[in-house]
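Since the structure comes first, as structure tokens, the remarks are kept for the end.
One is the number of the first residue; the rest follow in order along the sequence.
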Amino acid sequence: MTHNPLSLKVVQRAFALSVDVHRMADQAQDAMARLSPGMRNQLLRAVNSIALNLAEGTGHPSPAKVAALCNTAIGSCNEVELQLRLARALDIIAAHYEPLIDEVIEVRRMTFGFRKHVLAKPDHP
């Protein structure tokens, strides 16, 4: 694997998604606290988990370990998507809802592709 996680497009996109969700959560902080206490912290933990697990995977020589970290990132994508949909259903967010959902879906798709690519390689350091 690469030594620089940010050289991977999927990590770059996941990182940018995290920044965008942090900005949205800061703007919606009061509504989140009022309507769904704990939502902001859970959403931010989940969105950070995507890029962090992908970055951690870039340091492992074992394709199986990288794939397992990709699976965790995929699960975090699922969680972020559902949290965003819940925030929209509760009228906590509106302005940047669709682009964020679209980006979560794209990062998840890219992560599936990255996992498939990694698993196609032999299990050698």
Side-chain angles (χ1 to χ4, degrees):
M1 295 290 9
T2 179
H3 294 287
N4 180 4
L6 287 174
S7 68
L8 295 175
K9 191 72 92 176
V10 67
V11 176
Q12 294 169 12
R13 296 281 292 263
F15 181 84
L17 173 66
S18 186
V19 170
D20 290 344
V21 170
H22 273 263
R23 289 182 177 146
M24 178 279 304
D26 282 348
Q27 293 172 356
Q29 184 171 349
D30 292 340
M32 283 184 178
R34 187 177 67 257
L35 293 170
S36 185
M39 175 185 275
R40 182 177 182 277
N41 288 337
Q42 185 61 30
L43 176 61
L44 297 180
R45 279 194 306 271
V47 78
N48 290 342
S49 174
I50 300 166
L52 294 173
N53 277 287
L54 290 168
E56 183 179 348
T58 64
H60 285 281
S62 165
K65 181 64 175 173
V66 177
L69 289 162
C70 285
N71 289 339
T72 302
I74 290 165
S76 293
C77 286
N78 294 341
E79 183 177 351
V80 169
E81 181 182 0
L82 193 57
Q83 287 274 2
L84 290 172
R85 291 186 187 282
L86 176 61
R88 178 64 193 114
L90 295 172
D91 293 322
I92 292 171
I93 60 171
H96 297 290
Y97 169 73
E98 288 299 331
L100 288 174
I101 290 289
D102 292 344
E103 191 60 14
V104 171
I105 291 168
E106 180 61 15
V107 168
R108 181 175 50 225
R109 184 193 67 75
M110 292 173 76
T111 303
F112 273 112
F114 179 57
R115 183 184 68 184
K116 182 178 179 181
H117 170 76
V118 166
L119 289 175
K121 293 183 173 186
D123 197 4
H124 298 292

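Counting heavy atoms from C-beta outward, Phe114 and Lys9 have side chains that stay 4.5 Å or more apart. Using a 4.5 Å heavy-atom cutoff, the side chains of Gln83 and Val47 are not in contact. When side chains are defined from C-beta on, Ile92 counts as touching Met39, because their heavy atoms get closer than 4.5 Å. Side-chain contact between Met32 and Gln42 is absent, with no heavy atoms from C-beta onward closer than 4.5 Å. Leu69 has its side chain out of reach of Leu54: every pair of non-hydrogen atoms, C-beta onward, lies at least 4.5 Å apart.
The heavy-atom pair separating Ser76 from Ala46 by the smallest distance is CB-O, 3.4 Å. The two atoms that bring Val66 and Gly57 nearest to each other are CG2-O, 3.1 Å, heavy atoms only. Shown here for Pro61 and Pro63, the closest heavy-atom pair between the two residues is O-CD, 3.2 Å.
When the side chains of ILVMFWY residues are joined at heavy-atom separations under 4.5 Å, either directly or via intervening members, Leu43 and Tyr97 end up in a single hydrophobic cluster. Both Leu86 and Leu35 are assigned to one and the same hydrophobic cluster, defined by single-linkage of ILVMFWY side chains at heavy-atom distances under 4.5 Å. Taken together through direct or relayed side-chain contacts under 4.5 Å among Ile, Leu, Val, Met, Phe, Trp and Tyr, Ile74 and Val21 form parts of separate hydrophobic clusters. Under the 4.5 Å side-chain heavy-atom criterion for ILVMFWY residues, a single connected hydrophobic cluster contains both Ile50 and Leu6. Hydrophobic clustering places Leu90 together with Ile101 (ILVMFWY residues linked when any side-chain heavy atoms are closer than 4.5 Å, directly or through intermediates).
Counting only residues at least two apart or in different chains, salt bridge (Lys or Arg N to Asp or Glu O under 4.0 Å) contacts with residues 37-63 comprise Asp26-Arg40.
In the hydrophobic clustering, where aliphatic and aromatic side chains (Ile, Leu, Val, Met, Phe, Trp, Tyr) are joined below 4.5 Å either directly or transitively, Phe15 groups with Val19.
With 3.5 Å as the limit, one finds no donor-acceptor pair spanning the side chains of Thr72 and Asn53.
Atom CG of Leu100 sits about 6.0 Å away from atom CE of Met24, to the nearest 0.5 Å. Put simply, NZ on Lys116 and SG on Cys70 are 13.5 Å apart, with the number rounded to the nearest 0.5 Å. Atoms CG and SG, on Leu17 and Cys77 in that order, are 7.5 Å from each other to the nearest 0.5 Å.
Surrounding CG of Asp30 are at most 12 heavy atoms belonging to other residues, nucleotides or ligands under 6.0 Å away.
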Side-chain donor-acceptor contacts of residues 103-112 below 3.5 Å, not counting sequence neighbours, with atom names and distances?
from	atom 1	to	atom 2	distance (Å)
Glu103	OE1	Arg13	NH2	3.0
Glu103	OE2	Arg13	NE	2.6
Glu103	OE2	Arg13	NH2	3.3
Glu106	OE1	Arg109	NE	3.0
Glu106	OE2	Arg109	NE	3.4
Glu106	OE2	Arg109	NH2	2.4
Arg108	NH1	Asn78	OD1	2.8
Arg108	NH1	Glu81	OE1	2.8
Arg108	NH2	Glu81	OE1	2.8
Thr111	OG1	Val107	O	2.7

Step-by-step side-chain contact (heavy atoms from CB on, under 4.5 Å) determination, Leu84 to Arg88
CA-CA 6 Å; Leu84 290 172; Arg88 178 64 193 114; over 6 Å; no
